[in-house]
2 protein chains.
Amino acid sequence: MDPQRTLVDTVFDGIFEMLLTGEIPLGGVVNEATLAERFNVSRGPVREAVKALQGRGLITKAAYFKARAVDLNVQDMIEIFQLRECVEGMSVKLATQNMSDEGLQQLLEDFEQAGSDGRVLDVHARIAEGSGNRRIQSLLCDELYYLLRLYRARSGSAAGRRENASAEHWQILRAMRARDAELAESLMRAHIARATEALQRLLDAEPAPVSDTAQPRRNRKEQRA
Amino acid sequence: MDPQRTLVDTVFDGIFEMLLTGEIPLGGVVNEATLAERFNVSRGPVREAVKALQGRGLITKAAYFKARAVDLNVQDMIEIFQLRECVEGMSVKLATQNMSDEGLQQLLEDFEQAGSDGRVLDVHARIAEGSGNRRIQSLLCDELYYLLRLYRARSGSAAGRRENASAEHWQILRAMRARDAELAESLMRAHIARATEALQRLLDAEPAPVSDTAQPRRNRKEQRA
DNA sequence: CTACAGAAAAGTGTCAACACTATATGGAAT
DNA sequence: ATTCCATATAGTGTTGACACTTTTCTGTAG
């Protein structure tokens with residue numbers, strides 16, 4: 001009666017964990033046979049898990065070539081935050097229009113309870129849920145979520161998290177309660193744009209990225225999609 | 001030396017074609033063994049292709065349950081267009097800021113050449129390319145592209161395509177040439193929002209969706225994620 | 001006739017072996 | 001020493017068989 005976890009799910013989580021801890025370095029190769037042995041499964045489930053991770057953008061791979069973990073640099077994060085800026089903006093706009101008074105009240109109370117830090121990301125997830133748009137919710141909470149987690153885990157977790165984020169969240173929630181969708185969207189976009197700017201400064205200051213890639217010497221045919 | 005097509009790619013395209021033509025009806029079941037026989041391959045490649053299609057949102061599936069083709073209704077399309085509205089807006093904003101004068105000039109000329117209709121979607125793709133944000137480009141041109149194509153193919157292709165889209169495209173391109181990023185974004189968002197409104201009218205008028213699902217009777221345990 | 005339980009059938013998940021491709025190795029020619 | 005080619009090795013792609021779960025079928029009790 002449990003949601004029936006298959007081996008692919010286990011291996012998927014396992015590989016993601018290995019990425020988080022750095023057991024698989026960013027940009028490092030991902031060997032099917034090794035992983036199969038590691039998890040005591042056949043190569044089949046590993047292949048499917050790798051393909052799923054590929055779909056989430058965490059692993060890159062071309063036919064007959066070894067798979068590599070994604071090499072997250074600051075530029076990539078900036079692009080992700082640019083995408084988040086507009087989507088989170090639309091998310092809060094729709095949520096402001098669609099959420100019930102009760103739901104909004106609940107959200108405010110829960111946020112008050114949780115305290116300033118701790119579960120900052122939860123606010124964004126709750127808003128995405130309230131948007132009523134499942135595709136936006138999936139994009140923010142599933143697809144981009146893994147990339148953000150991975151980056152924060154491997155980059156010292158400082159980047160992206162900021163001091164006055166909590167105050168900005170309060171501003172957004174107030175705009176939502178006032179049912180001012182346009183304002184809420186503007187505030188949210190500014191909220192995320194500020195994080196993007198922090199990344200931009202990081203990029204200007206430090207040319208060498210977070211990656212711990214053991215850059216292999218390029219082989220003849222490797223310049224392929 | 002070719003980009004090395006694997007059987008998974010072939011089957012992926014084949015299944016997508018079957019969805020476009022309606023050989024697999026929307027919401028219909030997708031049987032691994034049948035498809036394997038159809039394409040003269042083993043079930044392995046089929047499984048991986050199905051998983052890839054699942055990643056693109058074209059097929060839904062839970063462990064040990066039969067896979068089903070997505071059942072695209074108007075509500076789903078509205079949600080996709082809401083997402084597109086904000087992302088295409090950001091896309092054109094970034095493109096206006098980042099594209100070179102030469103690239104922009106080229107884009108204008110190509111659009112003039114192509115005539116009013118024909119390759120309307122190409123403009124959006126070119127702009128996404130010019131945004132310099134690979135994640136936005138991938139979202140618009142890869143992930144959402146398949147869903148749009150499928151919907152247009154199976155819904156009589158009328159919805160989403162509008163008469164004065166070409167004029168609106170010209171407006172956007174003019175704003176880009178004037179390097180007015182804010183205006184370009186506003187125009188693009190309005191451009192797509194108009195399509196969303198058309199869908200909204202469709203939803204109000206016609207409660208019965210496009211789907212040709214042969215709704216199977218619910219089984220005991222099927223209420224699962 | 002309907003509802004339920006158990007057995008049969010169909011379908012999905014997993015595995016281990018084999019086929020194909022890319023990478024690494026070693027030697028010959030320059 | 002360096003470059004090139006042939007060969008060996010490692011790794012990925014594919015397959016068919018088997019294990020597990022779901023779905024359907026069938027008979028029985030109410």
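Atoms considered below: every heavy atom in the structure, side chains included; atoms not considered: hydrogens, waters and symmetry mates. Labels below follow one simple rule: chain letters A, B, ... track the order of the sequence lines, proteins then strands, and each chain is numbered from 1. None of the values given here were measured: they were computed from a predicted structure.
Judged by atom type and distance alone, A/R43 does not reach the base of D/dG11 through any side-chain donor-acceptor pair under 3.5 Å.
In this structure, B/Y64 places its OH atom 8 Å from P of D/dT22, rounding to the nearest Å. To the nearest angstrom, P of D/dT24 lies 13 Å from CG of B/N31. Rounded to an integer number of Å, the gap from CD of A/E37 to P of D/dG11 is 12 Å. Atom pair B/E32:CD and C/dT14:C1' shows a separation of 12 Å (rounding to whole Å applied). Between B/R5 atom CZ and D/dT12 atom C1' the separation is 18 Å, expressed in whole Å.
Partners of B/R149 according to the salt bridge (Lys or Arg N to Asp or Glu O under 4.0 Å) rule, which considers only residues two or more places apart in sequence or in another chain, do not exist here. Taking the side-chain contact (heavy atoms from CB on, under 4.5 Å) definition, one finds that B/E129 meets it with B/R126, B/Q137, sequence neighbours left out. Scanning for side-chain contact (heavy atoms from CB on, under 4.5 Å) contacts around A/V70 gives A/L72, A/L150, with sequence neighbours left out. The salt bridge (Lys or Arg N to Asp or Glu O under 4.0 Å) test applied to A/D142 returns no partner, not counting sequence neighbours.
At D/dG13, one or more side-chain N or O atoms of A/K61 fall inside 4.0 Å of OP1 or OP2 (strictly under the cut-off). Within the 4.0 Å cut-off from OP1 or OP2 of D/dT12, not a single side-chain nitrogen or oxygen of B/T6 is found.
The shortest heavy-atom contact between A/V87 and B/C86 is CA-SG, 3.9 Å.
Of the residues near DNA chain C, A/V41 and A/K66, the one whose nearest nucleotide (by heavy atom distance) lies more toward the 5' end is A/V41.
When each of C/dA22, D/dG13, C/dT12 is scored by its nearest atom to the side-chain atoms of A/F65, the top-ranked nucleotide is C/dA22. Closest to the side chain of A/L7, out of D/dC20, C/dA22, C/dC15, is C/dC15. Closest to the side chain of B/Q4, from the set D/dT21, C/dA17, C/dA22, is C/dA22. When the nucleotides D/dG13, C/dA16, C/dG11 are ranked by their closest atom to the side chain of A/A63, D/dG13 comes out on top.
Across all strands shown, B/V11 has no heavy atoms under 4.0 Å from either base or sugar-phosphate atoms.
Taken residue by residue, residues 44-60 of chain B places heavy atoms nearer than 4.0 Å to DNA chain C at B/R47.
Contacts classified as side chain to side chain donor-acceptor pair (under 3.5 Å) and involving residues 12-28 of chain A (residues at least two apart or in different chains) are given here: A/R5-A/D13, A/E23-A/R38.
Environment of CD in A/Q97: crowded, with over 12 heavy atoms of neighbouring residues, nucleotides or ligands closer than 6.0 Å.
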